[in-house]
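The structure under discussion appears below in the form of structure tokens.
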Amino acid sequence: MTEPPVTRGFVGRRRPARPDRLPPGQYDAGEQWPVLAAEPTPLVATDRWSLTVDGLVEHERTWDWAGLRAEPHERLTVDLHCVTAWSRLDTGFTGVRVADLLAEAGPLPDATHVLAHSSTGYTANLPLADVLDHPAWVVWEAQGAPLTPEHGGPARLLVPHLYLWKSVKWVSRLELMDHDDPGFWERGGYHDRGDPWREQRYQGDP
Ligand SMILES: Nc1nc2c(c(=O)[nH]1)N[C@H]1C(S)=C(S)[C@@H](COP(=O)(O)O)O[C@H]1N2
Ligand SMILES: [Mo]
């Protein structure tokens with residue numbers, strides 16, 4: 001692999017190789033992938049794992065581990081942006097599109113928001129458009145290996161166009177609602193939507 005040429009005056013200084021890929025106020029964490037969680041890491045065995053889509057849907061749906069992995073899935077490479085300012089570029093995942101999972105349950109016309117739940121009780125709210133009109137996934141592999149428990153394995157939500165707190169680890173339920181209901185960090189003063197490119201970190205940001 002060839003490195004981009006280094007400008008003399010910048011030798012040894014931390015300098016993002018791909019500044020165009022970094023939202024305002026973020027730094028490139030390189031190969032590092034910090035672990036952030038409000039709760040201790042739960043060990044969820046795959047034979048006990050399930051994901052339910054319920055709330056404002058035509059028919060509630062639950063996938064077990066084999067059922068999820070039997071859904072059409074894809075490999076993807078995305079950039080992760082944590083509100084604590086690190087970004088991890090080009091992280092590879094394998095997973096199913098949230099839009100495909102929701103389609104199987106049939107969102108009702110009144111549904112406007114999703115509340116994503118972790119089996120731990122952690123939650124994050126999302127406008128339905130953020131998982132239907134933007135790519136978002138439930139993923140079970142990262143960097144070619146099974147998603148580790150620390151990073152949300154067996155499976156986590158991945159909504160890479162928003163700050164990473166929206167990407168609920170150990171995801172167990174996607175609840176469709178007709179109103180916005182703030183999740184764990186949103187109740188704690190973080191922005192309701194969390195678009196890193198608009199630097200929507202805290203309530204009151206644009
Ligand atoms: N269940 C759960 N999911 C969570 C969190 C959490 O505390 N609990 N933290 C969020 C935050 S703030 C970040 S930055 C990412 C961290 O994911 P990582 O540990 O894989 O880097 O998970 C998000 N999903
Ligand atoms: Mo975060």
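From a predicted model like this one, the values you see are computed outputs, not experimental measurements. Atoms within a ligand are numbered from 1 in the order they appear, just like the ligands themselves.
Between the CD atom of Gln200 and the CG atom of Leu162 there is a distance of 8.0 Å, given to the nearest 0.5 Å.
When Tyr163, Trp185, Trp33, Trp165 are ranked by how near their heavy atoms come to atom 11 (C) of ligand 1, first place goes to Trp165. Heavy-atom proximity to atom 21 (O) of ligand 1, evaluated over Ser119, Pro34, Ala29, is greatest for Pro34.
With hydrogens left out, the protein atom closest to atom 10 (C) of ligand 1 is Tyr122 OH, 3.4 Å, a heavy atom. Atom 18 (P) of ligand 1 has as its closest protein heavy atom His151 ND1, 3.4 Å. In terms of protein heavy atoms, atom 3 (N) of ligand 1 is closest to Lys169 N, 2.9 Å. Protein heavy atom in closest approach to atom 7 (O) of ligand 1: Ala38 N, 2.7 Å. Looking only at protein heavy atoms, the nearest one to atom 1 (N) of ligand 1 is Glu39 OE2, 2.9 Å. Residue, atom and distance of the protein heavy atom nearest to atom 23 (C) of ligand 1 are Leu164 O, 3.3 Å. Looking only at protein heavy atoms, the nearest one to atom 17 (O) of ligand 1 is Arg156 NH2, 3.1 Å. Nearest to atom 16 (C) of ligand 1 among the protein's heavy atoms is Leu36 O, 3.6 Å.
Close contacts of ligand 1 with Cys82, meaning ligand atoms under 4.0 Å from a residue heavy atom, involve 14 (S). When each atom of ligand 1 is checked for a heavy atom of Ser118 under 4.0 Å away, the hits are 1 (N). Short contacts between ligand 1 and Ser167, defined as distances under 4.0 Å to a heavy atom of the residue, involve ligand atoms 22 (O), 23 (C), 24 (N).
Of the candidates Ser119, Ser172, Pro154, Trp49 forms a side-chain contact (heavy atoms from CB on, under 4.5 Å) with just one, namely Pro154. Between Val114 and the options Leu128, Leu157, Asn125, a side-chain contact (heavy atoms from CB on, under 4.5 Å) holds for only Leu128.
Shortest non-hydrogen contact noted between Gln26 and Leu22 is O-CD1, 3.9 Å.
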Problem - Derivation of the salt bridge (charged side-chain N to carboxylate O under 4.0 Å, His left out) call for Arg18 and Asp90 - result: CA-CA 11 Å; Arg18 292 153 294 187; Asp90 291 327; 3.0 Å; yes
Practice task
For Lys166 and Glu186, run salt bridge (charged side-chain N to carboxylate O under 4.0 Å, His left out): C-alpha distance rounded to whole Å, both residues' side-chain angles, the deciding distance at 0.1 Å, then the answer.
Solution key: CA-CA 10 Å; Lys166 297 289 186 179; Glu186 296 81 5; 2.6 Å; yes
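With ring centers used as reference points, Trp165 lies under 6.0 Å from Tyr190.
Contacts of Phe184 with ligand 1, taken as heavy-atom pairs under 4.0 Å, are absent altogether.
A donor-acceptor contact under 3.5 angstrom links the side chains of Trp63 and Glu71, judged on distance only. Counted by atom type alone, His117 and Thr123 present zero donor-acceptor pairs between their side chains at under 3.5 Å.
Under a 4.0 angstrom heavy-atom cut-off, Trp86 registers as being in contact with ligand 1.
Under a cut-off of 6.0 angstrom, the local environment of CZ in Arg75 is sparse, with at most 12 non-hydrogen atoms contributed by other residues, nucleotides or ligands.
For ligand 1, none of its N or O atoms has an N or O atom of Ala37 under 3.5 Å away.
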